[in-house]
Number of protein chains: 2
Amino acid sequence: MHTCEHCEARSFNMCNALDADELARLASIMSDQRFEAGTTFIEEGAPADDLFNLTSGTVKVFKLLADGRCQITGFMMAGDFLGLSRGGTYAYSATAITPVTCCRFQRPQLRGLFNELPKIERQMLGLAMNELMAAQDQMVLLGRKTARERIASFLLSLSDRAVRRGRPGNPVELPMTRGDIADYLGLTTETVSRTFTQLKGEAVILLKGNHGVDIQDLDALVEIAGQEDREACFHPFDQIA
Amino acid sequence: MHTCEHCEARSFNMCNALDADELARLASIMSDQRFEAGTTFIEEGAPADDLFNLTSGTVKVFKLLADGRCQITGFMMAGDFLGLSRGGTYAYSATAITPVTCCRFQRPQLRGLFNELPKIERQMLGLAMNELMAAQDQMVLLGRKTARERIASFLLSLSDRAVRRGRPGNPVELPMTRGDIADYLGLTTETVSRTFTQLKGEAVILLKGNHGVDIQDLDALVEIAGQEDREACFHPFDQIA
DNA sequence: CGTATATTTGATATCAATCAATACTCGTGG
DNA sequence: CCACGAGTATTGATTGATATCAAATATACG
């Protein structure tokens with residue numbers, strides 16, 4: 001019997017809003033899946049047959065322009081949903097940047113479940129609202145922040161996210177490459193690297209190899225980021241009604 | 001009796017998914033409201049007591065940084081919802097840029113209605129998904145497009161939106177100022193102006209005073225925008241399941 | 001009409017992109 | 001265990017797109 005032991009306790013996800021029967025019903029229509037690092041398992045424009053709920057690992061969600069320019073719209077982790085579609089085709093591409101495990105739902109079956117369990121719909125609405133607010137923060141970052149502010153905001157948001165998931169907020173783990181960070185923040189690899197170096201020189205951070213950052217002066221980092229409200233997750237109702 | 005005669009027929013909104021009884025129930029908890037141009041009726045951080053559904057006019061939704069930098073995250077029109085909150089306070093500010101009429105819902109009452117009419121929840125989920133996809137397109141624009149591409153994309157998206165609302169797609173109406181456009185596209189007033197002038201010089205557009213643009217060469221504009229998929233609105237289920 | 005506001009246009013500055021090496025990391029096999 | 005190599009990151013020099021600063025027009029509104 002498939003329960004949700006793999007859904008991390010603090011993660012804001014579908015499972016923790018359902019009772020045992022409902023979980024069983026949910027489990028009956030989902031299958032576990034695993035992707036190697038580097039696997040692109042959702043391609044923008046392809047038929048959107050499945051919906052995924054990550055249980056471990058990190059995924060980059062991105063859109064490409066015709067000439068290859070890439071904008072990463074988010075890094076997805078355990079608890080996050082993937083597979084938003086527009087007119088039956090995926091609205092973005094998704095690539096595993098670490099090995100990933102997830103639950104796969106087939107759309108027709110999920111459709112039925114939605115009618116059976118309105119709770120799930122509410123939960124999804126809450127998740128969508130959270131994503132929407134994160135998207136708005138990212139628009140502020142991309143439209144109006146300097147490279148320095150972007151990097152500081154990024155580190156803080158990764159740290160907050162780790163804490164929310166019950167992990168230490170420091171040091172910050174960076175499973176993605178500098179290029180991925182650049183594609184997420186609307187910068188280039190070189191600018192990301194230079195900015196890290198600069199913050200290191202000011203003793204605000206310490207680089208732990210290529211995939212870790214130790215925050216040495218949190219106050220300074222918050223100051224640099226331009227202290228917008230730190231992100232938080234609430235019950236769906238908080239956002240809508 | 002309050003019906004939805006003011007909800008524009010082609011607009012993707014709550015009312016057209018409900019039957020007469022449900023509409024009446026909805027009407028019973030909402031009140032009409034009007035705002036003059038220039039009125040800021042939602043302030044980021046203020047207690048989020050109300051939710052608004054626009055019936056006419058245009059509203060800019062924005063976030064401010066501490067030093068006054070502004071990012072407009074969207075222009076809202078008839079059918080759109082306003083009042084997203086985070087922990088009981090509004091997540092953004094909203095200012096009418098033309099005279100605006102809207103329906104106001106008080107949260108506690110709306111909360112009850114949600115439990116009564118799950119349809120509304122599904123409709124809201126669909127709206128949220130559409131907004132999320134628009135937000136992702138905007139991230140691509142802000143993170144990776146040139147000023148020229150941003151202006152072209154903006155004009156096309158306003159045109160599409162007008163068509164979807166049953167209005168002519170050309171000429172494009174621009175109720176907002178150059179400064180608003182700049183704050184939406186992550187540019188400055190001057191760059192917006194220069195880019196309009198440039199496109200006019202290439203006979204791609206024709207400026208009709210300060211608040212109108214005639215698209216003279218649609219193909220060229222699409223080409224400049226970098227032809228991502230044109231936006232479209234679908235049934236909520238299309239996006240989720 | 002005249003005044004305030006919004007827009008356009010011009011000159012210059014600047015931040016980040018680009019182009020170009022160099023250095024580091026990490027996995028692999030000798 | 002170390003050397004190699006491919007990918008990844010850093011650093012440097014220069015360019016370039018857009019911001020900034022500064023007038024000059026145009027538009028809208030009382």
Side-chain angles (χ1 to χ4, degrees), chain A residues 36-38 60 65 67-72 95 97-99 141-154 173-202 205-213 224 226, chain B residues 36-38 60 65 67-72 95 97-99 141-154 173-202 205-213 224 226:
Chain A
E36 295 309 309
K60 63 176 174 185
L65 293 177
D67 62 0
R69 279 174 290 175
C70 172
Q71 178 65 40
I72 292 178
T95 301
I97 60 181
T98 66
L141 180 147
L142 292 170
R144 290 298 179 217
K145 289 192 178 179
T146 64
R148 211 174 141 74
E149 291 168 334
R150 293 180 201 202
I151 293 288
S153 300
F154 175 66
E173 242 187 86
L174 303 174
M176 67 291 292
T177 66
R178 297 289 186 266
D180 288 335
I181 297 172
D183 283 340
Y184 181 58
L185 299 179
L187 301 170
T188 58
T189 303
E190 294 93 327
T191 299
V192 170
S193 178
R194 276 186 243 274
T195 307
F196 275 139
T197 304
Q198 186 189 41
L199 292 174
K200 188 178 67 181
E202 297 167 16
I205 61 171
L206 204 81
L207 297 178
K208 300 275 200 183
N210 286 344
H211 297 290
V213 168
I224 293 166
Chain B
E36 294 309 309
K60 63 176 174 186
L65 293 176
D67 61 1
R69 276 173 292 175
C70 172
Q71 178 65 41
I72 293 178
T95 300
I97 60 181
T98 66
L141 181 148
L142 292 170
R144 290 296 178 219
K145 289 192 178 180
T146 65
R148 209 174 143 74
E149 291 167 335
R150 292 181 202 202
I151 292 289
S153 300
F154 175 66
E173 242 188 86
L174 303 173
M176 66 293 289
T177 67
R178 298 289 187 264
D180 288 335
I181 297 172
D183 283 341
Y184 179 60
L185 299 179
L187 302 169
T188 58
T189 302
E190 294 92 327
T191 299
V192 171
S193 177
R194 275 187 244 274
T195 308
F196 274 139
T197 304
Q198 186 188 40
L199 292 174
K200 188 178 65 178
E202 296 168 17
I205 60 171
L206 204 79
L207 298 178
K208 300 275 200 183
N210 285 343
H211 297 290
V213 168
I224 293 166

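Excluded from the calculations below are hydrogen atoms, water molecules and symmetry mates; all remaining heavy atoms, backbone and side chain alike, are included. Reminder, nothing fancy here: chain letters follow the sequence lines and each chain counts from 1.
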Whole angstroms only, please: what is the [atom1]-[atom2] distance between [X] and [N]?
X        : N      : atom1 : atom2 : value
B/Leu174 : D/dA28 : CG    : P     : 13 Å
A/Arg194 : C/dA21 : CZ    : P     : 15 Å
A/Asn210 : D/dA6  : CG    : P     : 19 Å
A/Ile205 : D/dA9  : CD1   : C1'   : 14 Å
B/Ile151 : D/dA17 : CD1   : P     : 17 Å
B/Ile97  : C/dT5  : CD1   : P     : 19 Å
B/Lys145 : C/dA17 : NZ    : P     : 18 Å
A/Met176 : D/dA9  : CE    : P     : 11 Å

Ignoring backbone atoms, test whether [X] places a side-chain nitrogen or oxygen under 4.0 Å from the OP1 or OP2 oxygen of [N].
X        : N      : value
A/Thr191 : C/dA17 : yes
A/Thr189 : D/dT10 : no
B/Thr188 : D/dA19 : yes
B/Ser193 : C/dT8  : yes

Original post:
Is a side-chain N or O of A/Ser153 found less than 3.5 angstrom from the main chain of A/Glu149, in a donor-acceptor match?
Top reply: yes

Original post:
Where the side chain of A/Arg144 meets the backbone of B/Leu187, is there a donor-acceptor pair that is under 3.5 Å apart?
Top reply: yes

Original post:
A/Phe154 and side-chain contact (heavy atoms from CB on, under 4.5 Å): which partner among A/Leu141, A/Ile181, A/Thr195?
Top reply: A/Ile181

**OP:** Please report the C-alpha distance between B/Arg148 and B/Gln198 in whole Å, then the side-chain angles of each, then the deciding distance to 0.1 Å, and finally whether the side chain to side chain contact (heavy atoms under 4.5 Å, CB included) criterion is met.
**Re:** CA-CA 9 Å; B/Arg148 209 174 143 74; B/Gln198 186 188 40; 3.3 Å; yes

Original post:
Under 4.0 angstrom, heavy atoms only, what part of the nucleic acid is B/Leu207 near: base, sugar-phosphate, or nothing?
Top reply: sugar-phosphate

**OP:** Could you tell me whether B/Thr177 contacts a base, only the sugar-phosphate backbone, or nothing, with contacts defined as non-hydrogen atoms closer than 4.0 Å?
**Re:** sugar-phosphate

Original post:
If you pin A/Gly209 and A/Glu190 to their nearest nucleotides in DNA chain C, which one's is more 5'?
Top reply: A/Glu190

**OP:** Side chain of A/Thr197 only, please: which of D/dA9, D/dT11, C/dA16 is the nearest?
**Re:** D/dT11

Original post:
What is the minimum heavy-atom distance between A/Asn210 and A/Arg178, and which atoms define it?
Top reply: O-NH1, 3.0 Å

Original post:
On DNA chain D, nearest-nucleotide positions of A/Gly179 versus A/Arg144: which is more 5'?
Top reply: A/Gly179

Original post:
Ignoring hydrogens and angles, are the base of D/dT11 and the side chain of A/Arg178 linked by a donor-acceptor pair under 3.5 Å?
Top reply: no

